[in-house]
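Note that ligands are numbered from 1 as they come in the structure, with each ligand's atoms numbered from 1 the same way. We number each residue from 1, following the sequence as shown.
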Amino acid sequence: MSEIAFHGITKTYPDGTEAVRALNLRIESGSFTVFVGPSGCGKTTSMRMINRMVNPTAGIITLDGRDISTVDPVRLRLGIGYVIQSGGLLPNRRVLDNVATVPMLLGRSRRAARAAALEVLDRVGLDRGLADRYPAQLSGGQQQRVGVARALAADPPVLLMDEPFSAVDPVVRAELQVEMQRLQAQLHKTIVFVTHDIDEAITLGDKIAVFGRGGMLQQFDAPERVLAQ
Ligand code: ADP
Ligand code: ADP
């Protein structure tokens, strides 16, 4: 169970930019929810409020009914994996150690953490032969697989993905999309996925929130309904 709800969320940045206005949104437990819309309409800001990287100016966000502003951010983030466009990998650590860092933070021994890291690398379809490389020695698509593995390593119930595949070429992106669908069918996490690509949104999402300029939001329970608009 991990339902997320936005109640009247507004975010105004210190420079006066109003990124999100009076947003009400429910993200169902176990859904693959996609935030889609043009650049600058508050998708990333909304996503980053879920793990408290950004704090709202007004309103409340709940996770399973609990106001997240009362939860310690470090603890909160152990339950919320986060994947970004650039992979977010530590450049000076080998692939295996990038992933193993997470179970070690959770108190596993180095040996157990490495075993867990290998398992999760298998899960995302990364060849084990690449585990000893440094991130710069991998292709963009392989780095993104490692980024997903790292986010999954603590087995968090919630996974946030911010345009994770937008920097890779279209063929690899399609592969990664298929991989995500396969993973979600196995893992049943609550996934929030940001993209500006409507085709990607419809391919991946079972729930779609269409963000528009000026704080407009439309929610769709079935992806094909977006096309009917
Ligand atoms: P999207 O993800 O839909 O592209 P963002 O949430 O990144 O939208 O940005 C929404 C608006 O907030 C934009 O106008 C952007 O320039 C602005 N914004 C984002 N981050 C900051 C920040 N740290 N400081 C000031 N304005 C910001
Ligand atoms: P993306 O859209 O890929 O998430 P952005 O270019 O919107 O990346 O944002 C990159 C970084 O710059 C983020 O940390 C964001 O908060 C910040 N940022 C975005 N827009 C602004 C802005 N108008 N003023 C200050 N910081 C911003």
**Message:** Is the ring pair Phe211/Phe35 parallel, tilted or perpendicular, if the boundaries are 30 and 60 degrees?
**Reply:** tilted
**Fill in**
Quick note on ligand 1: atoms under 4.0 Å from a heavy atom of Thr17 include exactly 12 (O), 14 (O), 17 (C), 26 (N)
**Atom pair CG/CD1 of Leu160 and Ile4 - distance to nearest 0.5 Å** = 6.5 Å
**Prompt:** Just distances here: any N/O of Gly40 and N/O of ligand 1 closer than 3.5 Å?
**Reply:** yes
**Asked** Between Arg123 and Gln186, do the side chains contain an N or O donor and an N or O acceptor separated by less than 3.5 Å?
**Response** yes
**Request:** Please could you name the atoms of ligand 1 that Lys43 approaches to less than 4.0 Å, counting only its heavy atoms?
**Result:** 1 (P), 2 (O), 3 (O), 4 (O), 6 (O), 8 (O)
**Fill in**
Thr45 heavy atoms within 4.0 Å reach ligand 1 at atoms 5 (P), 6 (O), 9 (O)
**Pair Thr17-Asp15, side-chain donor/acceptor within less than 3.5 Å** = yes
**Message:** Checking side-chain polar atoms at under 3.5 Å, does Gln177 have a donor or acceptor matched by the opposite partner on Thr203?
**Reply:** no
**Message:** Side chain, backbone, both or neither: which applies to Val194 and ligand 1 if a contact is any heavy-atom pair less than 4.0 Å apart?
**Reply:** neither
**Request:** Can you sort out which atoms of ligand 1 are near Pro38, meaning under 4.0 Å from one of its heavy atoms?
**Result:** 3 (O)
**Message:** I need the atoms of ligand 1 closer than 4.0 Å to a non-hydrogen atom of Ser39, numbered in the order shown.
**Reply:** 4 (O)
**Pairs meeting criterion salt bridge (charged side-chain N to carboxylate O under 4.0 Å, His left out) with involvement of residues 81-107, two or more places apart** = Asp97-Arg114
**Asked** If you count the atoms of ligand 1 from 1 in the order shown, which ones are under 4.0 Å from a heavy atom of Cys41?
**Response** 1 (P), 3 (O), 8 (O)
